[in-house]
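Take a look at the structure set out below.
Chain A is the first sequence line, chain B the second, and so forth, proteins listed ahead of strands; every chain is numbered from 1.
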There are 2 protein chains.
Amino acid sequence: MNMKDFSNIVGLSPHTLRYYEKIGLLKNVHRNTSGHRAYTNRNIEWVSFVNRLKETGMPLANIIEYATLRELGSNTVLERQMLLEQHQESLKIHIQQQQKHLAALAHKISQYKEGKVS
Amino acid sequence: MNMKDFSNIVGLSPHTLRYYEKIGLLKNVHRNTSGHRAYTNRNIEWVSFVNRLKETGMPLANIIEYATLRELGSNTVLERQMLLEQHQESLKIHIQQQQKHLAALAHKISQYKEGKVS
DNA sequence: TTACAAGTTAGAGTTAACTCTAAGTCAACT
DNA sequence: AGTTGACTTAGAGTTAACTCTAACTTGTAA
């Protein structure tokens, strides 16, 4: 699959995709005979997972760490699992925080509705 | 209240607090006779609210917009309420998204636990 | 009164994550 | 065969939100 199609599927610009490759977030991208990138389904899966981690607030540096472990093979499985479990924990905490913020915001809005704010 | 105490209470560095003033996020900060800032309880309340908006992902530019409306007085009350209601909506959507991500992450972790990942 | 901690300003530097530019090569269609 | 659009690289520029520096003034405790 060429750059344009891949870009559309994963929702990242060609610029961003080349940048991700440069910083080591996207490895082993194949090339066709003319030197253009040829993406595979595995690339789609990986970038989709990267997008998920990104959207849950994981910095690219940490995602690169996970990517690097993944590349090192099956004896990093436990380390990767632990990394994800830690992230799961902080995501749970984040959601709880956001729910608190939502409640406080709802309270503030109710004060506006009752005309208690000037 | 002087800079140091205020900084400790609101959890922002003196640098950041001066920066917030410069960009119009923190207005009407009083000065004592020697030109040092003298913060009030109202400043604490405001910065606490700013922190909440920040933590729910509102960009400083939008918070400044709200701050500016607030300064314009009571005929901007409705506009402020609408601004907060919009933010409330996007916060709800954000939380839902995060919960989806959490479920997907839990699924991935369970695959690790079942030894289905190499 | 002498340290030294804390305050002040304008403006420069940093970090993360892109985003774009220039200058060129390659592919697909008419 | 020519045009148009997509691809390549290295490297520069951008944006948000700080964070720090330099040079100086003020406040406080011994």
Side-chain angles (χ1 to χ4, degrees), chain A residues 1-40 43-44 46-68 87 90 94 97 101, chain B residues 1-40 43-44 46-68 87 90 94 97 101:
Chain A
M1 180 183 310
N2 67 9
M3 179 54 104
K4 200 185 181 194
D5 291 345
F6 188 69
S7 168
N8 283 331
I9 287 175
V10 301
L12 296 173
S13 76
H15 283 309
T16 302
L17 288 169
R18 288 188 206 104
Y19 164 69
Y20 278 9
E21 225 176 299
K22 186 157 61 182
I23 64 174
L25 190 52
L26 189 46
K27 300 166 197 238
N28 304 319
V29 177
H30 296 148
R31 301 295 179 117
N32 65 19
T33 46
S34 53
H36 291 192
R37 288 171 180 81
Y39 293 100
T40 64
N43 293 138
I44 296 179
W46 170 244
V47 173
S48 304
F49 186 57
V50 166
N51 275 334
R52 191 184 292 287
L53 292 178
K54 251 198 321 176
E55 276 162 37
T56 53
M58 187 184 281
L60 295 193
N62 294 22
I63 309 181
I64 290 168
E65 203 186 323
Y66 180 88
T68 305
H87 185 56
S90 60
H94 170 75
Q97 272 297 319
H101 288 319
Chain B
M1 180 184 311
N2 68 10
M3 178 55 102
K4 201 185 180 195
D5 291 345
F6 188 69
S7 168
N8 284 332
I9 287 175
V10 301
L12 296 172
S13 77
H15 284 307
T16 301
L17 288 168
R18 290 188 206 103
Y19 164 69
Y20 278 9
E21 224 175 300
K22 188 156 59 180
I23 64 173
L25 190 51
L26 190 46
K27 301 166 198 238
N28 305 319
V29 176
H30 296 147
R31 302 294 180 118
N32 65 18
T33 45
S34 53
H36 291 192
R37 288 170 180 81
Y39 293 100
T40 65
N43 293 138
I44 295 179
W46 170 243
V47 174
S48 304
F49 186 57
V50 166
N51 275 334
R52 191 184 291 289
L53 292 178
K54 250 198 319 178
E55 276 163 36
T56 52
M58 187 183 280
L60 296 192
N62 293 22
I63 308 181
I64 291 168
E65 203 187 322
Y66 180 88
T68 306
H87 185 57
S90 59
H94 170 76
Q97 273 296 318
H101 288 318

(request) Starting from P on C:dA6, measure out to CG on B:Asn8 and report it in whole angstrom. (result) 10 Å
(message) If the condition is ring-ring contact (aromatic ring centres under 6.0 Å, His included), which residues does A:Phe49 pass it with, not counting sequence neighbours?
(response) A:Tyr66
(message) Side-chain N or O of B:Arg31 versus OP1/OP2 of C:dT9: is the shortest distance under 4.0 Å?
(response) yes
(request) Can you tell me the distance, in whole Å, between the CE atom of B:Met1 and the C1' atom of C:dA6? (result) 16 Å
(request) Could you check which of D:dA17, D:dA6, C:dC18 has an atom nearest any side-chain atom of B:Pro59? (result) D:dA17
(message) Using a 6.0 Å cut-off, check whether atom NZ of B:Lys27 has over 12 heavy atoms from anything other than its own residue.
(response) yes
(message) In this structure, how many angstroms lie between the P atom of C:dA17 and the CG atom of A:Leu26, rounded?
(response) 16 Å
(message) Please report the distance, rounded to the nearest Å, between CZ in B:Arg18 and P in C:dA12.
(response) 18 Å
(request) Specify the separation, in whole Å, of atom CG of B:Leu12 and atom C1' of D:dT19. (result) 13 Å
(request) Sort out for me which residue in B:Thr16, B:Val47, B:Leu17, B:Ile63 forms a side chain to side chain contact (heavy atoms under 4.5 Å, CB included) with B:Leu25. (result) B:Ile63
(message) By the 4.0 Å heavy-atom rule, please label B:Lys54 as base, sugar-phosphate, or nothing.
(response) sugar-phosphate
(request) Assess the side chains of A:Asn43 and A:Thr40: does a donor N or O sit below 3.5 Å from an acceptor N or O? (result) yes
(message) So if I define the base as every atom that isn't primed, P, OP1 or OP2, how would nucleotides 22-30 of chain D read as a B/S/- string at a heavy-atom cutoff under 4.0 Å?
(response) ----SS---
(request) Please report, rounded to the nearest Å, how far the P atom of D:dT8 is from the CD atom of A:Glu21. (result) 8 Å
(message) I'd like to know if the side chain of B:Asn8 reaches the main chain of B:Gly11, judged simply by a donor and an acceptor atom lying under 3.5 Å from each other, with no hydrogens or angles considered.
(response) no
(message) Does C:dG7 have its OP1 or OP2 closer than 4.0 Å to a side-chain nitrogen or oxygen of B:Arg37?
(response) no
(request) Would you kindly give the CG-to-P distance between B:Leu60 and D:dT19, to the nearest whole Å? (result) 12 Å
(request) Between D:dT8, C:dC18, C:dG7, spot the one nearest the side chain of A:Thr16, thanks. (result) C:dC18
(message) Applying a 4.0 Å non-hydrogen cut-off, can you work out what B:Pro14 is touching in the nucleic acid: base, sugar-phosphate, or nothing?
(response) nothing
(message) Using the side chain to side chain contact (heavy atoms under 4.5 Å, CB included) definition, which of the options B:Leu26, B:Leu60, B:Leu12 pairs with B:Tyr19?
(response) B:Leu60
(request) Rounded to the nearest angstrom, tell me the gap between atom CG in A:Asn51 and atom P in C:dA17. (result) 13 Å
(request) Mind running side chain to side chain contact (heavy atoms under 4.5 Å, CB included) on A:Asn2 and A:His36 for me, showing each step along the way? (result) CA-CA 8 Å; A:Asn2 67 9; A:His36 291 192; over 6 Å; no
(message) Can you see if the side chain of B:Tyr19 gets near the phosphate of D:dC20 - specifically, an N or O under 4.0 Å from OP1 or OP2?
(response) no
